[in-house]
Amino acid sequence: MSGTRALIAERNEEIFQLYNNGKSFEELERKFHLSIDSIRKVINKMRSNQS
């Protein structure tokens with residue numbers, strides 16, 4: 001895994017944890033400078049990886 005992929009994986013884990021701790025999509029959008037659609041994709045992917 002390259003450095004960039006590792007950073008994205010860490011970011012996605014943080015997004016997922018913050019969402020699980022009650023942060024809204026809008027709060028995550030502002031914090032990570034991603035669209036709400038991108039935030040949703042990250043969360044859905046992380047959920048499916050846990051199954």
### Query
What residues form a salt bridge (charged side-chain N to carboxylate O under 4.0 Å, His left out) with E27, not counting sequence neighbours?
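If we apply the salt bridge (charged side-chain N to carboxylate O under 4.0 Å, His left out) test to E27, skipping adjacent residues, there are no hits.
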#### Entry: Cluster check I36, M46: I/L/V/M/F/W/Y, side chain < 4.5 angstrom
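As far as the 4.5 Å side-chain criterion goes, M46 and I36 are connected within one cluster.
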### Common cluster, L34/I8, ILVMFWY with side-chain heavy-atom separation under 4.5 Å
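Looking at the clustering, I8 is in a separate group from L34.
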### CG on N21 to CD on E14, rounded to 0.5 Å
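Here the rounded value is 11.0 Å.
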### Query
Got a second to check how far I39's CD1 is from N12's CG, nearest 0.5 Å?
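These two atoms lie 8.5 Å from each other.
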### Task
Compare every heavy atom of F16 with every heavy atom of I43, then report the nearest pair and how far apart it is.
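Taking every non-hydrogen atom into account, O-CE1, 3.8 Å.
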### Query
What closest approach, in Å, do I15 and L28 show between heavy atoms, and which atom pair accounts for it?
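Looks like O-CD1, 4.1 Å.
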